[in-house]
Every structure is written in C-alpha cells, then in structure tokens.
Amino acid sequence: MTAKKYDHKIIEKHWQDVWEKTGIYKAVDFDKKRKKFYQLVEFPYPSGAGLHVGHVRSWASMDAYSRKKRMEGYNVLYPMGWDAFGLPAENYAIKTGIHPSVTVKENIDNFRKQCKNLGLSFDWDREVNTTDPAYYKWTQWIFIQLFKNGLAYRSEVPVNWCPFCKTNLADEEVMADGKHERCGNQTEKRMQKQWLLRITKYADRLLSDLNEIDFSPRIRIQQENWIGKSTGSSIKFQITNSKLQIEVFTTRPDTLYGSTFLVVSPRYAKKKLLKYIPDKYLRSVTKYLEECYSVSLRVESKQSQLGGHPEPSTCHPEERSEEGSHNEKTGIDSGLKAKNPADSKDIPIYISDYVLDEYGTGAIMGVPAHDERDFAFAKKFNLPIIGVIDGGDKSLEAYAGEGKIINSGKWDGLSYPKDISSILSDIEKSGWGKKSTTYHLHDWIFSRQHYWGEPIPMVYCENCVKEGKSFFTEEQKKGGNEEMKNKNDVILEGVERPIESHQFNNWNPVGWYPVPESDLPVTLPFMEKYQPSGTGESPLANNLNFVKTKCPACGSPAKRETDTMPNWAGSNWYFIRYLDPNNGKILADDRKLKYWMPVDFYQGGYEHTTLHLLYSRFIYKFLYDIGVVPTSEPYAKRRSHGIVLGSDGRKMSKSFGNVINPDTIVEKYGADTLRLYEMFMGPFDQMVVWSQESLEGCYRFINRLWKAFNEKVGESSKVGKSSKELSIKLHQSIKKVSEDLENLKFNTAVATLMELLNTWEDEGVISKSDAEKFCLILAPFTPHLAEEVWLLLCDRKIGTDKNIDSHGSDQRKSVNNPCKSYSVHTQLWPSYDPKLTVEEKITIPIQINGKLRGTIEIDRDKIDDEKFVLLESKYNKVVQKWLAEGKVIKEIYVHGRLVNFVVR
RNA sequence: GCGGGGAUGGCGGAACGGUAGACGCGCAGGAUUUAGGAUCCUGUUUCCUCAAGGAAGUGGAGGUUCAAAUCCUCUUCCCCGCACCA
C-alpha cells in the first residue's frame, strides 16, 4: 500500500475545526487535579500588515512548550489578545482615511484567523482587546488608583513639537537629526503640563525583587542598569555671602577635599542662580545659557525622553556626534563662590552642560584630580587640581583608582575604597551632608496628545481652582496619601530613599478630580476627524461634547482631561485580565488571581526588556500594595527570543522587499512546516536569518514522516517489533526531546526528531507501540500531522487510503469523537526506559597521547571492567603500531567513554 | 568609555573537559523520469593518497590537563544594551 501524499491543506483545516469544536485547549479555573501552568507570550499590536514570522517563532515555540506541559498533566493557560491602541493605528487611519476602530477590528480578525490557521493552542475564550471599553475601563480604573495614592501627578515636561504640522510628536516620529519624519521640518521642544507616574518610588523594590525572580542574566542586568542605582553622599555647599546652598551628589565623598570648583547644569543655573549672579558676570552667563537653549535637537537620551526631563541638556549637539567630543567641555564662570564644607575654602561655581540636569541634583562638585570629566574641565578653565588619593600622575590624567587618602585633613591615612563607610558617617556627623542614593530611572510621562488611546479619566474644575479645592486633604498634599506612604515605609524600611529631587516639586493637584469609578469607562468618542488639534492639545480637545462635563466635587461645569494614555497602558496589566476577561465588576476575580498568578513563564522579545517589563512590574507591584493582586511580582520567569531577519540578513521591511508573509508559507507548505522550521532555524534566544531552502528541508521531513507512518509501522495483528537499534534511538530521542523542550532548545529537539526518522528509514519497520511514542513526541512540533497520524495508529484499519480519501466528506466532518483516544494532544507525555537509552555495543575511542587512533566495540555489560577494556584496546592494529613507538607510562579509561594511552 | 554576548566547513548551526562538524541547507555523482520538477541512493572540513593511513583544523598568542571549541591569562574583530549617570 502506498500512502497518498500528505495533503496539509485538508488535514490541517480539518483538525483545526475539530480542536475548536472539542475545546481541548481551554484552561480550567480552579482545577484541583492538575497543577496550573500560566504560559504567557507577548500579545501583538495587530498591524495592517498581518502576522510577522517573528510572532510565529515565539508563539509556535511556546505552543510546543505548552503542549508538552499539557501532556505532562499541567492545567495550562496559554492565552492571546490584542494591544490595539497606539500611534501606528492612528497614523494608518490618517493615511487611509478609514477610522482606526474599523481597521483595528479588521486587523484583529485577520490576526485571529492567522493564529487559527497556524493551529496555535490558545484558549480563545479568554481573548482580550485593549481598545474594548470593557477592557480599558480597568486601565482607567488603575490610573485613578494611582492618582488617589499620589503616584500620578502633573508636571511640566518637554514634548516634541513640529511647528509646521502644529502637532506634538512621539519620539519615534522625530528623526535622529531632530526633523519630523513625515514633513522633514525641524522640530522643537516645548514645555507642556503632562501626567506622570511616580515609578521612581518603586525603584528600590523593582531592583531588589529581581533577586526573587528567574530572569535570564541579560534581561536582569539590563533592568538593573536601567534603574541605575548608585549610592554616595549629597553634600551641601554654602554660597558665599548668601543663604543659598547648592547640594551636590557624589559617589566619591572621599574626594571632598579635592573639590576645587562646583558645576551646575544650565537649567539649574537658570532656575536657581540667575538672580544672584554678579552684574559683571551676568552678560556672559546669559549668553552661555542662550547658547544652550537655542539648539533644541533630539539629543537627549532615550530615558530622558521617556522619563521626562524638562529641557535639553546639551548646548552643542553638533559636537556630540563626533567621537571623543565629550572631552571638549564648554562652560562659564558664574562669578559666585561656594564654601567647601570640609576645608572652608571658597571655590568658584561654574555652569556647564556636561552636568546633566536630570541626574542627581543637577549640580556636582568638581574633583579634577580624580574624575576624567572634571579633569578636562579644569584643564580648559585653568582650575587647580588637588590630588587627594595617592596614585597616578595627576598632571596628565585623572586618577580614579584606589589608594591612600592624602591632603584631606582628618581623613589623611584612610584609604579608598576601604574606609568609604567611615567617611560617609563622618560627613553626616560633621553636618556636611548625608548618605544618599540616586537612580537613573525617572518618572514616567503618561500623557499623549493623540486620539487613539485610553482617555485619562480626570476632570479639571476651574471653580475648584478658584476656591483652592483639591481632591486631597491638606495633610495628604503635604505627604502624599498617608496610607500609601506608610505602606512604602514598611517595605522600604532600612532602604535609603531617593534624594529629594527638584523635578518632583511641581505636583499641584488643585482642581483635578478623578472621574467617579461608577462612571467608568470614559469612552473614547467616535470622531470623524482625529487629526492633531493644532494647539498641541489632544484631538479630543476639539470635541466639546466630550470635554464638557460636571465637576465630581462641586458640580460646576468642568473640563475633561483630553490627553490619552501611552500604548504601554493597556499592556501593563493584560495578563491579569486573561484570568477573568468578562468581569464587569472588578479587574479580575480574587480567587482566579490566587489560582493562576504569578505567570509561570513569560516569553517575548528583547525589545521589551526595559520598558514594558519594568512598567508592568511597577503597575503590578502597585496593585499588590493596594490589595488587588496576590503576589508582589507578576512573572516568575522570563526568557526572550531573537528576531527573525530577512534572507538578506536585514530586518524584514517592506522597503527592502524581504518580508515573509506567514500566510503564503502556510498555503504552500502548511502550518506544521512553518512551525517546525521556525523552531529549527537556530537557537531560540539568538537572531536568525530566514532561509527558504531550509524551510523546504522541513517540508521534506514532514512528507517523509507521513510516508513512514503509513508504510513502515508493524501491523498490530502481527505484533511487529522494532529493531533493537530503532528502539534505543526512540528512547534516546524521548529523553533528548523532553530535555530540550524544557530548556527551550527547540532547534536541537527538531534535529533529534529528524535523526529518529533517519534511523527508522534505515532500520525498516517500527512497532505500533513505538510508532505511537514517536507520534507523541512529535505532537508539540507538528500538531496537525501528529493528530492525523494518531488517528491512523489508533486503528490501522481506518488508516487506509479509503479513509484518507474521505477527507472533507460527511463521514469525516462529524469527527467529534473520531477515535477513542482522541486527541493526541490530551495523551500523556511518554516516558523513556533508561535501560533502552544505552546501546548494547558501545564504541569506545582509543587515543594515544590524546590523539584518536582507533575505536573498539565493547558489550554494554563489560564497560565496568576497566582491565578488560584496556586489554581489548591494545588489540587494535593501528593502536598497536602507535604503542610500539615508545613506552606506555599511563593508561586512562574514562568509564564508558574513552581510552587514552600516554606513550613516551 | 562601561556592561553583556559572540567568533566552529560553502551556509544556518551541533558538541556533560573525552571520536569536532549532529541535524538541515547547498554542492557533486548516480538511480528513476520523454523532459523538467519531485523522489531515492552515495559522497561532502582542508591537504597528501586508488586505498589503507597520515597531517592540519573551532578568530590570534600563551597556559592548565593524560585530554581543551569548552577552563585560565592576554589579544583582535563582530553584535547588542547603556553612555558626560558625578
């Protein structure tokens, strides 16, 4: 009997329908018999371009992982949803003239269909959509809780403004040279009041709790760097003839005596020093500041854009682009002097853009002898260089290493870094300053002036402003929400707090009220025109029906906030909603949360290592603090995968013409081929390049499998037996595939399956029970083929051509119970017999002086007999020749692995 | 500059310190076919050789070891992240 060609079009569609009808991938809440396993993959932004092969790589691989987990008896939750708010949807809509609500729906339908065509085992009953009012009701609810707990506040922050288009721009729309991506005009930075989230309050916990979760080192280190904690001192310098003090942050308080000048950032100078500058200096200082502010290119770091730093921090961007320009310092003497608290010497105060306004206090003490940047600055402005740590040649370069402390009064004789802690306490005792910690992490700008996002559920009441009324009590205004504060104090006990930073001082919630929770959601109104307003406000500002409302406090006419949330808002907490997607009363049922959380395994791309992962951890921790979720961390384990590049090695992009559409692959080769290939391409965490030829290799493999299962399985009536070699190979494969899947080594798992088929083809017929085992370990990788083969194996009699011919006929359509053992995916994962993973005859390589000279075959039961093995080794002809070359001075036998003779 | 990860055939990549190159692609030869495609078989690190057998070989230089792609030191190059972070 010759099998018909494997017809993926009919077979894959058939089983997808059967799976949907029988619902075998549904997760069961509160299942007590099975252990829960929450497998999460990042949900996509459903773009008009459809699924990317990168999505398939992640979802198909984790689908295999989930399928194995199910077969191992876990109650697996593997959900999918749509992150559909955001700028791309809005831009696409502006381009096509079709409303985003329409295109988003179409795109989602397409994505869902594509997922189903791939046979991914998502639990579709739990699908979520961030643009659904029933969903974003809770996104808004979370915002209100943040506000009530003092974690959402308003502050002036810079926005990218295109004067030509009269609109605010997202950072992605501004090109590296500061020009607007679409119109090519130079953009500006404008100050605008925005909502910010106080993520900095959680910096310490976000950092320390990394110890409790399983993140791969690369992800973990990046998160640590992003939070960027450094400890040291904040030291106060008294400005001479003034009550004013300048507070600086330093990680090297031991070099205090070596501080020969202070430097403040341009913005610090503008805000705090300008009125004290002596007339003589005022003109040059003003000129310098103007220089700094005249250029407003997109030169800030990524984090400062996201984190909200009020103004450009550099004066000379053109120098920035060149290598080594960092050493070319600019700056100006302010004419002011300050007293070094340690030795009471007066030192000059300079203004320079090499001091970052957004880091620390925006002011530093210059220690040219021990800091490279200060050294360059001192050289340029002819400032004294005093060495206070022994070492290096301070006339040539700064010395940042360790050493004995010198020229430092009472600290002489101590050494850095050994005595740093006693120096820290001495500084505190002397009243010069205090221990301090700073963070790289900044508060999170949460306002967007765009239409396609969740409306921020806040109301602004002019009347209340007149009366000075606010949502918060006077006491709360002083210290934030007391309850919240206490909570954090408990958690942060013994942990240093961030220094009071000037950027937190603008919070004035007067007149602002959250929309009453009973009125949620604040629905995004349908608008025909959602182009930018032209004033820098959100397009929603043009919709008076939306804007006009009543003050929740006094009932006077009031205005709604028209800014919307960033696209991160919906993705911060989506994994919670999967647990209870239709709950209208609360975020998610408490019991369900307790059953499923935390996410056991979160898998996604490296591009989300810092922002999404950190933001969602922050929001989750906040929800934990207010008692909404049961654990303090959302994800128990996180791994990331590499991206899929086009066959030319470049990123897939329409403009390169190297985009692979999964649909055409599925159509021509089938979903199983695509899935298998994407797992086989290369190591999961590495970048991989698309290769059509390799894909076809996987297609061949699938057809060969089909042929073998049809033609080379022993008839059950005859109780056919596999050859010994084949059985051993099978058991070895079960072991290897199990381990590889667990370790996300999908590529070698697939290779193992290929090896097994190769052996099978060489050895001839396989027994039915061995064939079933093979089918079971195949199931996670090629779920459609495995299901079809399983049916074939269940009853060899229906596995005939006649039956295969009847695909699509009524007989086959009614397969609700096609076979007693349906489905292969609900079977138990096979175990292997350890005895059967070892060959009867073992090949032992023989080395002379570490070089391979021959091999011998040893019976399995003889491998413990060292003397025997060594003796046998010497009978090998070639070995004998080499042994004759000299005297054997050492004989090494590595049990079951190798023999080495050392001959001299 | 700092941090992280790499470098293995023609290509993608395998290798608990123990037979380097699994598996796949590609290529070569053969079979089948009217032909093409598909499929199957054989070979395929390089060099010497009909072969048997050798020699060299995991970016480079040293070292540890009976034995190193793997561990250590130095070094070159590549990728990723952060970057005037005090």
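Letters A, B, ... mirror the listed sequences (proteins, then strands); counts begin at 1.
- Residue contacts for A/Gln222: at a heavy-atom cut-off of 4.0 Å it reaches the sugar-phosphate backbone alone, with no base atom in range.
- Across the strands present, B/G12 finds its partner in B/C23; the criterion is a Watson-Crick or G-U wobble pair with both atom distances under 3.5 angstrom.
- Applying the Watson-Crick and G-U wobble criteria (two distances, each under 3.5 Å), B/C40 pairs with B/G30.
- The partner of B/A52, taking Watson-Crick or G-U wobble pairs whose two distances both stay under 3.5 Å, does not exist in any strand shown.
- Across all strands, A/Ser691 comes closer than 4.0 Å to no nucleic acid atom at all (heavy-atom distances).
- Among the protein residues, A/Asp374 comes within range of no part of the nucleic acid, since none of its heavy atoms lies under 4.0 Å from any strand.
- The pairing partner recorded for B/G1 is B/C82, the criterion being a Watson-Crick or G-U wobble arrangement whose two distances lie under 3.5 angstrom.
- Within 6.0 Å of NZ in A/Lys380 there are more than 12 heavy atoms belonging to other residues, nucleotides or ligands.
- If you check every strand for non-hydrogen atoms under 4.0 Å, A/Arg704 touches sugar and phosphate atoms only.
- Contact between A/His370 and A/Ile389 at its shortest, heavy atoms only, is NE2-N, 3.1 Å.
- No engagement by A/Gly682 is indicated, since no non-hydrogen atom pair under 4.0 Å with the nucleic acid exists.
- Judged by the 6.0 Å and 45° rule, A/Arg252 forms a cation-pi pair with A/Tyr416.
- Note on A/Lys745: only backbone sugar-phosphate atoms sit closer than 4.0 angstrom, heavy atoms only; bases stay farther off.
- At a threshold of 4.0 angstrom between heavy atoms, the contacts of A/Val894 include nucleobase atoms, whether or not backbone atoms are also involved.
- Minimum heavy-atom separation, A/Ala363 to A/Ile246: CB-CG2, 3.7 Å.
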